Structure formats: structure tokens, C-alpha cells
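Here is the naming used below: chain letters follow the sequence lines, and residue numbers restart at 1 for every chain. For clarity, every value in this text was computed on a predicted model and none was experimentally measured.
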Number of protein chains: 4
Amino acid sequence: MARKPKSAEENMDRHDEILAAAVSVFSEKGYSGATTSQVAKAAGVAEGTIFRYFKTKKELLSAIVMTFISSLGGDIVLSGVEKIVMESDGKDLRVVLKEILKDRLRLLHRMMPVFQVVLTEALYHPEIRNALHENVLKRAMATVQPVFTRLEESGELRSGLSRETIMRTIIGAFASLIAQSVFTGMSETSFEAEADCTIDLLYHGLICKKEKQS
Amino acid sequence: MARKPKSAEENMDRHDEILAAAVSVFSEKGYSGATTSQVAKAAGVAEGTIFRYFKTKKELLSAIVMTFISSLGGDIVLSGVEKIVMESDGKDLRVVLKEILKDRLRLLHRMMPVFQVVLTEALYHPEIRNALHENVLKRAMATVQPVFTRLEESGELRSGLSRETIMRTIIGAFASLIAQSVFTGMSETSFEAEADCTIDLLYHGLICKKEKQS
Amino acid sequence: MARKPKSAEENMDRHDEILAAAVSVFSEKGYSGATTSQVAKAAGVAEGTIFRYFKTKKELLSAIVMTFISSLGGDIVLSGVEKIVMESDGKDLRVVLKEILKDRLRLLHRMMPVFQVVLTEALYHPEIRNALHENVLKRAMATVQPVFTRLEESGELRSGLSRETIMRTIIGAFASLIAQSVFTGMSETSFEAEADCTIDLLYHGLICKKEKQS
Amino acid sequence: MARKPKSAEENMDRHDEILAAAVSVFSEKGYSGATTSQVAKAAGVAEGTIFRYFKTKKELLSAIVMTFISSLGGDIVLSGVEKIVMESDGKDLRVVLKEILKDRLRLLHRMMPVFQVVLTEALYHPEIRNALHENVLKRAMATVQPVFTRLEESGELRSGLSRETIMRTIIGAFASLIAQSVFTGMSETSFEAEADCTIDLLYHGLICKKEKQS
DNA sequence: GATGAATGAGGATTCATTCAT
DNA sequence: CATGAATGAATCCTCATTCAT
């Protein structure tokens, strides 16, 4: 890889600094409620500089959404889950779920502001919704499939549960937990407890009781 | 030019018409993204008229939030659930959950836009979050308590599940279903199927499998 | 003025109430700074009612100015001075000046708000200035002429003083006293003292000192 | 960082251009009657530019008032009078008064519009009145004191005249002359004549006729 | 007549975007 | 390239005026 001139490298930095600043500001005031001048201040650049990297304010938002999608849906990020899934054979579902949840949570905490911005905008822009659906949800489902396939094949999974429903319910349950933890500032330990409890609930909802383990 | 003189009774309507229009516009573009002129157009009134009824645009938002909270958290609305809860004794939990879900869903469909506006703003305004927590969540939990208390007393409820976790998980699971149904335009019947499936999952997650206790 | 029919008389009342309210409001916030709604509230009438009596806000101002001019310049009002002037023969100028000042002051205190409104507007509207000049100043001068004519004829008035200068100086001196008394809330007695002192100054400036004064 | 090779200078200009335009427009239509768009046009800038230099329209007014007060009350400006006063020893009071009047008049002609704006607003804002009183009137009186002190000590000043009254009367007399000259567009020569006449009047009102020195 | 709700042109102010330096 | 002053369209809001009741 030939080294690019310094200025190009700096440009990249600037680009990302502005993006990061925009995420921070947008997540605090919302996209429409934020001003480019606030973003500029947060990024430590002049207002005009923003428009060198992003033609319009809207493009700045798009860049955030795209970044989010590709980092959440992209290989790099899902790989954490992928690894967990691949190594899940024979493990108790509860353990696997917990691992996945913790992996996702780590990510989400890091990305909370982006997440908030993207979700909010998704409410108002179907194309963002679609992009999320295609690139994040479907991918996530595909990644996790093996776990359920295995459970199904071994007859442990209760019958009558569609994959979609399962995924949706798990996501909903986790999402509500994460939301609560983010907004109420739950402690690490009580989050753990709540997580275990939630997983336990889901586990029993999913697994067939063959009276194997109590 | 002065126009549209109406009876005193229709003044109330005017107020509500503007409110309704605001909900509609805000839910489409977000509060900050919407303009008072758009609201006026949607309400079929002159822009100035809005400010006869709501001193500022912000007050318009507040009115929406308040309306939402009091109609969702208020007696009238919860009474649907209350009735279900009161008559739930002896019924299968699945049936009760289904009834509650359907009741809430009916309401939510009617209020979807308000809901969206309020939730979005709640992301950015802690005081709205608090108001929702105090007036909606707590109330809802209190209303549903008897169901779980009964299950607990009869030993049907699996042990180790905190009320909070149960409520959160149910809400999360339902919310994700409703969100999907709203955004993907799920059909009535497939919604029913999904709902049954979700309820089934939750039911087995909640209930102790010792067979019916007698 | 011939009396109008009763209904018209009642109209006059309303008319004057609104005018009085307008004076009060305009004098507090200035013409442009005041709103017709404030005037309406002060007058205890509906906003629309104002426009029955005065086609526009501007006309309301005109009416105030006209009222002022005709009441200050008109017979009724000047007659106080006229009487003083007519009875001034042989009196000491100081006494006459004092009487005039006191007469004007009484009037001015009653009319302070109108005065303020009219003067302020006069700054911005030459036609008001002209009207004031023609109808108030000239008249006032004409009224007071006899006093100075008499002094001149008796040789008491110092030579080299034009009537205009005399009048202007007296007016300026009195005006500054009144302004101070109005804005600083001078007490009745200290006002008296200041007035005597001012008159004394003017008197010696006007009168020829050949005579021994006792 | 933000270096301003010439922009420092130009900024000042811009700032002052807007201020000057505001003075001009406000003095023609009054503060409330003027619009920021008129000011912008008069200043030859876009409307938005005004708000880069003055946060609000009101702040623009404040800036005018402050400028006025500091330039009228400030050392630089009073120094003209101060010099006259310092060099007044032995001179005839008439000459001194004339010199002061001419000095002030020159200033006032230059500042007439500001003056008008400030005085008008002073009518409605006690704090402006106070500022004027403290920073202009008191200062002016302090500056002129020596003249009268000297006269008093030499026994030339008629007894029974308080300093306050003297000052007020002189100011009122001069003010009325200046007002007339400004509004009627008096010629230079007739102004001179009127001024001399006014001064003569005041002089004889102030000075004791001992026929000593002349 | 009197009312005051409705109007909408117009005002102050903001802010994304441009461009000369 | 970066800057930030300048821009002016767009926004929220006001208020004189009208008119159906």
C-alpha cells in the first residue's frame, strides 16, 4: 500500500472527526434540531470546512447512517457473533444467548449515539428502514440461524415457533433491556442480573422441556 | 380577511384539529423538521391561527405529549386492560396476554403517529421520559400486577423472574411485533399468527411446566 | 358644538374611552410599540370595536394629536392664560409668569401622556410639528403678546430681545423644569421653589434694571 | 488562528456601518417603527449580517445609546467644553456661554439623529434616563461648575439662584434654540443672532448689575 | 352595534451554504 | 485546503384588520 500524501491522511482524519462530532451533536439534539455550526464547533473546525467533506447537512446524516449500517451489519462487527455461533455447538442456549447479548451490548454502548440517530431517522425515512432491514436484520438472522437450526434438529426447540418470531422477540426483549439500562443508568451488576433473568425467560420460552435439566 | 366563524363548540374542534394536524405533520417530518406553516396547511387554517391556540410551536409539542400521556396513562384508556385483568381469574395466561395485546394494539394503531412523535422526543428530553415512566409505565405495571400475583400464588409462575423483567420483556416483545406490523404493513391474519406465536413463547417462558396445578 | 342625538353621545363616550386608553398605552410603549389589542384591553372593549371608531391604528394616533392640538391650542385651554394675561396689567412680571406657569403646569400634568405621545410623534412627522407650531405655539405667543407689549411700552423690557427669543427661552426654561419634575418626581414644594428661582432668573434677564426694584 | 490582516479593521467598519445605518433609520422612523430589513438596506448588507454584529434588534438600540452616552459624556467630547471652561477666567460670561453653546451645537449637529433616537427611547426607558443623567448631565454640570463658582466668588452671580436651576434653565433655553434651528432649518446667521439674544437674556438673568465691570 | 376568532402580510431571527481570502 | 464573514431563504411569531355572528 503506497503511502498517500500526508494531506490525504489528514483529510481522512478530518472526515472522521467531523462525522464523530456530527453523531455526538445529532444524538443530543436530533438531526433537524442540530446546526452545522454546532457540529463544526464540536469537531473543532470552521463551519465551512464541513462542507468540504460533506456537500450538505443531509449528506452528513447519510454518511452517519451508512457508517452505522456497514459497521453494525458488516463482517467485522458481526464476526463477534459469528464466532460465538460457530463455537456454540453443544453449549447451553442460555450461555450462547448471554454471550451474544454481551457482545452486542458492548457494541451498542460504543455506538449508542449513532444508534439513536439512525433509529430516529429510520422512523421518518423508509429507505433507512429498508437499509437497516436488509443489511442489519437479515444479516443478523442469517448469522444466528445455525444456533436455532441445531436446536431444531436436536428437537430441543419447541415446535410452532417461527424463526422470525423468535428473532423478533429476542431482539425486542434485549432492546428493551438495553434501552432501560441506557436511560436509567443501571449498574453493571444489576444489568447482569436482569440479563440473566431475561435470558432465562426466553430460554424456557424457546426450549422444549424434556425434563433433562431443571 | 377574516373567515371561518364558528360556534363556540367548534372552537374546541379547532384546537383539536390543529393538534391532530400537528401530530400528523410532526409524525411525518419530526418536530424540528416540521414547520408551523405545514401544520397550518394540514389543519386547514391560517398560520396565525395556530398561535391563537398554542403560544409557541413548542407548546404545541407539549400539548401532544400531554394528550398522549393522559390518554395512554389515563383511566379511560387503561380501563380496557383493567377490565381484562379483573376478569382474568382462572383464565389461561395466554388468553389474557392476547386480550391485553389486542386491546393495546387497537389503541396503538389509533395513536401510532402520536406515539411516534412522543417517543422520538422522549429520546431527547429526559422530562418526557420521566413523565412516560411515571404516568404510563408504572400505571400499566400496577394494572397488570394482579395477573402475575395470582400466578405466583398459585405457583404457576416460574420462580426467579422479577416482575420488572417480566414486564420489560413482554413489552419489548410486543413492541417489536407492533413495530414490525406498523412498518411492514403486516396483514391482520399474519399479525394474529405472529401474536399467538409470541404469546406462546412468552407463556412458556413464564409458566412452570408442572402441568396444571390442581 | 351642537349636541348630537343620544346614541351619538354614547358613541362619543366610547370614542373617548378608546382615545383615552390609546393615549395611556401609547404613552407607555410608544405608538409603534403599542398594539391595538393592548389599547382594546385598556379601553375595556373588544379589539374589533376600536376599528368601528377609528379606521386604522394610525387614525387613532391622528385623533390623539388633533385632540391634543385643539385642546392645548384651543380657546378653552388657552383661556386660562388669556385670563391671566388680561388681568396682568400693573402686576409684576414675576407674578404673571408664575401664574402662567402654574396654569400650564396644571394642564400639562393632566395631559402629560398625550403630550409625550404627541411630542414623540412630532419628532418623526413634520406635519405634526407644523400643526403644533401653527396651532399651539403661534396661538400661545399671540395670547401672551400683550404682556410683553405692555412691558415694552412702559420701557421695562430690556431692549434687543426679540419676541421669538423671549418666548422660546421661557418655554425652554419652563419645559426643562416640567420635564425634570415629571421624571424625577419632584415634590410640590421644591417644584415651587425651583419655579420661583427660574422665574426670577428669567425676570432679571428680561427686565430693564434702571428702575429700583423694591 | 483566526488572523485578521485587515479584517480587524473591516470588522470595525462593518459594525460601525450597521450602527450608523441603524441610527439613520431609527431616527427617521423610530426604533419600533423601523425594520431590520430597512437597516440592512441602509447599511448595504444582507439582513442576516446585522445579526452577526448585534444579536437582536434591541441590542442594536442599546449599542446606539451606549455609543451616544460615551461619546457625549466621555472625556473626549466634554474636553471641548473643559478647555473653554479652563480658559474662561476673566472672560465675560456671555463669551463663555457662547463658546460652550457653539461647541455643543457643533457636536449636536453631528449627532442629531443619535440624539433624537436616544431621547425618544429615554422617554420610555427609565434606565436610559438614568444613564443619561449620570453620565451626561452630572458630568456636564461638574465640568461647568468652575465658571459659576468663580462668578459666585467674585460676587457677580445674583444670589438666590441654585446651581441646578441655573443649569436647567440654560440647558432648556439652549435646547429650545437648537431644536428650533434643527427643525426649522434656521440659517447660520440668524442662529447666531438668536444665540446672542438668548445668551444676553440669560446673562442678565444671572449676573448682578453692579455696573462694575463691563 | 359589539365582538373576537380568523387572517396573512410582514417582522425579527436562524442557519445551511457559498466564496474571497 | 481551511476559514469564517456574508448571505438570504426560510422559520417562527405578531398584530392590524376584517367580518360572521
If we only count heavy atoms from C-beta on, is the [X] to [Y] side-chain gap below 4.5 Å?
{"X": "A:Gln38", "Y": "A:Lys41", "result": "no"}
{"X": "C:Thr36", "Y": "C:Leu60", "result": "no"}
{"X": "C:Phe26", "Y": "C:Val118", "result": "no"}
{"X": "A:Leu119", "Y": "A:Leu132", "result": "yes"}

Nearest-angstrom distance from the residue atom [atom1] of [X] to [atom2] of [N]:
{"X": "A:Ile18", "N": "E:dT17", "atom1": "CD1", "atom2": "C1'", "answer": "14 Å"}
{"X": "B:His15", "N": "E:dA6", "atom1": "NE2", "atom2": "P", "answer": "12 Å"}
{"X": "C:Phe54", "N": "F:dC15", "atom1": "CZ", "atom2": "P", "answer": "21 Å"}
{"X": "D:Ile50", "N": "F:dA5", "atom1": "CD1", "atom2": "P", "answer": "17 Å"}
{"X": "A:Asp13", "N": "F:dC1", "atom1": "CG", "atom2": "P", "answer": "14 Å"}
{"X": "D:Lys41", "N": "F:dT7", "atom1": "NZ", "atom2": "P", "answer": "14 Å"}

[N] OP1/OP2 closer than 4.0 Å to side-chain N/O of [X]:
{"X": "D:Arg14", "N": "F:dA5", "result": "no"}
{"X": "A:Arg52", "N": "F:dC1", "result": "no"}
{"X": "B:Tyr53", "N": "E:dA5", "result": "no"}

Ring-face cation of B:Lys58 near B:Tyr31 (centre distance under 6.0 Å, axis angle within 45°):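 Here B:Lys58 fails the 6.0 Å and 45° test against B:Tyr31.
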
For the student: nearest non-hydrogen atoms of D:Ile18 and D:Phe54, plus distance: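 The answer is CG2-CE1, 3.7 Å.
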
Contact list for residues 116-130 of chain D, test side chain to side chain donor-acceptor pair (under 3.5 Å), sequence neighbours left out: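 Every side chain to side chain donor-acceptor pair (under 3.5 Å) pair that includes a residue of residues 116-130 of chain D, provided the two are not neighbours, is C:Thr120-D:Tyr124, C:Tyr124-D:Thr120, D:Glu121-D:His125.
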
Ranges pairing with ranges for DNA chain F, where each run has three or more Watson-Crick or G-U pairs under 3.5 Å: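 Stems for DNA chain F, defined as runs of 3 or more consecutive pairs: E:2-21 with F:2-21.
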
Spatial distance of atom CG (B:Leu19) from atom OG1 (B:Thr67) [nearest 0.5 Å]: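 The OG1 atom of B:Thr67 is 4.5 Å from CG of B:Leu19, to the nearest 0.5 Å.
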
From A:Tyr53 atom OH to A:Asp16 atom CG, the distance as rounded to the nearest 0.5 Å: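 Here the interatomic distance stands at 10.0 Å.
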
Nucleotide N/O of nucleotides 13-15 of chain E paired with protein N/O under 3.5 Å:
| unit_1 | atom_1 | unit_2 | atom_2 | d |
| --- | --- | --- | --- | --- |
| E:dT13 | OP2 | D:Lys57 | N | 2.7 |

Most 5' of A:Ser32 and C:Ala46 on DNA chain E, judged by nearest nucleotide: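 Mapping each residue to its closest nucleotide by heavy atoms, the 5'-most match is C:Ala46.
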
